[in-house]
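The basis for the numbers below is simple: all heavy atoms, side chains too, and nothing from hydrogens, waters or symmetry mates. Quick note on labels: first sequence line is chain A, next is B, and so on, each numbered from 1. Predicted, not measured: the structure shown is a model, and the values here were computed from it.
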Amino acid sequence: MVLRMRRFDDDPDINDLIDREQQMRLVGLLHALCGEFFSLHSKPQAGAEAVEFNLETIAWLSCSTAPNRQAPAARLLEFILFYVAKYRLAASLHHDTTEASFAELQRQHAALQESEGRYKELSEQLQLRVDEQIKVIEDAQKQLYESARLRAIGQLAAGVAHEINNPIGFIASNLRVAGEYLEELGAKLPSDQATAVVQDDFRALLMESLSGAQRIADIVVDLKTFANIDQEDFLPCDLNQVIASTCHLVEAEFNHDLVIEQRLEPLPQLAGYPAKISQALYNILDNAARAIVPGGRVRITTRVGEDGCSEVLVEDNGCGIAVEDMERLFDPFFTTRPVGTGTGLGLSVARDIIKAHRGEIFVHSKLGVGSRVTLRFLSQ
Amino acid sequence: MAEYLALERKLMLKVVYYGPALSGKTTNLMQLHTLLQPQRKGELMVLETRDDRTLFFDVMPIGLRSASGLDLRLKLYTVPGQVQHDSTRKAVLSRADGVIFVADSQPAQQDNNANAFDNLADNLQKLGMDIERLPVVVQFNKRDLPGAVDEDELQARWSATPWTPLSMASALKGVGVVESFRQLLRRLYPRLDAEFHLTKREGLQEEDFIRYLSSVDGVANA
């Protein structure tokens, strides 16, 4: 039998303090002590002596043969029970506090485990975030490298264009003079059939070379415009002319598989850097050209808007732009193309250039239908 | 919390002496045991001690029986003051109806007083009680020691708290012990009256309640 009180500070009854067997032994000892028979009751008993503990009657002791022995025997029992209760109180309290401490320890243990789990999860998340960031940094580095490379190529192209400009000039000029000499020589040559054939062939050769030289000269002009090598300040420029030469450049880039449809209306002169505007247009047209499938259309339109501003529309019937990409279109380094094929700088550079010319740029697009980029330059 | 057994017309209350180690909680109780002549007084039970330091607790029951037949019991407990016995302190403090906080007046003990008081507030909160709502008396003990912190200074320091005025005592000399206890009874009575209608239902006025439980020269039966 486990003797323990419900709570250490609850009032105990006799059975809480000592069990029935020990009560019988106590009563037996009282009998042995004074030769009278005693009985101990946990319920009130007529004529019995109350046994008290802590102001509480916890039992009744009766001795029917010698009632005068009841009182001293009860005091003796109280004396003994006082020390029994002391032990019981201490033991119960000890038990209670040990259990409470254990429960508290278990609670703390559970809390620790939970927090350890949280930290573990957090550290895993952190690792993922670090990996993501490393990837972002690596991509940005690649893209920066790519744009630096492109800039270097642009500078090289500009340098080459400058160097080619002179020789191609005198080659073209010499070819024209050579043609004139051929006419002069022709008058002095025998007029037989064979000589006439050689002479015609020679003329054709010279004409072909001259047209080749002219094409080289055109490319040089375009390259110089694109690379901005001879413009320092805002100049009055003809937007349509810039557009024509940029289209030419883009078409050359795509090996003339691409024909840009040009619908150019006369526009007022615009003060600006033609080379920069050309670069912006190039970027926009390049995007359009890459968006279409073979046989697709790219169209560039210029017109004077209702408020007098110059408008340029670049339209294509290509793949269009996904809705989720629209808001990032102008973010530097945002690109949907694989690294190495696009810098992600095209539209952001274009926007910066247009802004520098007090212009605006808008993009409308529908996935699978096509895109339209609108540029508006305020009237001066 | 006070426990009322309707069948036996018994109301059981618990008052706990709390405070830092060696501030005189057991001495307070021993002096009460010697000085008090309440209607009913049980044995002072001093549980295990080591080097005179309380390990578990001390307890002394006192009681009164009102004219209406209400059997009111009040058990006075002390807790062990040493920091390491916190779980025992909490167990003893549980279901307390009032607390007498015994602080030490020596200047070097002021930090211990503050820590013990925080510990009291903490443990009460853990037990679901609010120190602001519990009847609490703060007693500064050991006033007889030379160098004890000045009373005016202590009273001023505590003046903005709900526990003002403080009670001053020299428990070893039996001074202020009964007064602290009465102060607690005075703060306890309104709570009991509100819950158990001691005046209305039992005809037990505040003055009688205090007199029966804290008389020092014996009281007639109610």
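Within 6.0 Å of CD in A/E116 there are 12 or fewer heavy atoms belonging to other residues, nucleotides or ligands. Heavy atoms of other residues, nucleotides or ligands lying less than 6.0 angstrom from CZ of A/R25 number 12 at most. The number of heavy atoms from other shown groups lying within 6.0 Å of CD (B/Q125) does not exceed 12. At most 12 non-hydrogen atoms from other residues, nucleotides or ligands lie less than 6.0 angstrom from CD of A/E327. Other residues, nucleotides and ligands place more than 12 heavy atoms under 6.0 Å from the CE atom of A/M326. Remark: B/M60 CE is packed, more than 12 non-hydrogen atoms of other residues, nucleotides or ligands lying under 6.0 Å away. At most 12 heavy atoms of other shown residues, nucleotides or ligands fall within 6.0 angstrom of atom CZ in A/F79.
Atom CZ of B/R89 is separated from atom OG1 of A/T97 by 12.0 Å, given to the nearest 0.5 angstrom. The CG atom of A/N54 sits 5.5 Å away from the CE atom of B/M45 when rounded to the nearest 0.5 Å. A distance of 11.5 Å separates CG of A/L89 from CG of B/D58, quoted to the nearest 0.5 Å.
The two residues B/L47 and A/K86 make their nearest non-hydrogen contact at CD2-O, 3.7 Å. Of all heavy-atom pairs spanning A/L55 and B/G42, the tightest one is CD2-N, 3.5 Å.
Only the side chain of A/L93 comes within contact range of chain B, with at least one heavy atom under 4.5 Å from a heavy atom of that chain. Looking at A/Y87, there are no atoms closer than 4.5 Å to chain B (heavy atoms on both sides), in backbone or side chain.
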Next item on the list: Give the C-alpha distance, both sets of side-chain angles, the deciding distance and a yes or no for side-chain contact (heavy atoms from CB on, under 4.5 Å) between B/L55 and A/H94.
Entry: CA-CA 10 Å; B/L55 279 183; A/H94 183 67; over 6 Å; no
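A salt bridge links A/E56 to B/K10: one of the charged nitrogens lies within less than 4.0 Å of a carboxylate oxygen.
Annotation: maximal heavy-atom pairing with chain A below 4.5 Å, among B/E43, B/H85, B/K14, B/R40, occurs at B/R40.
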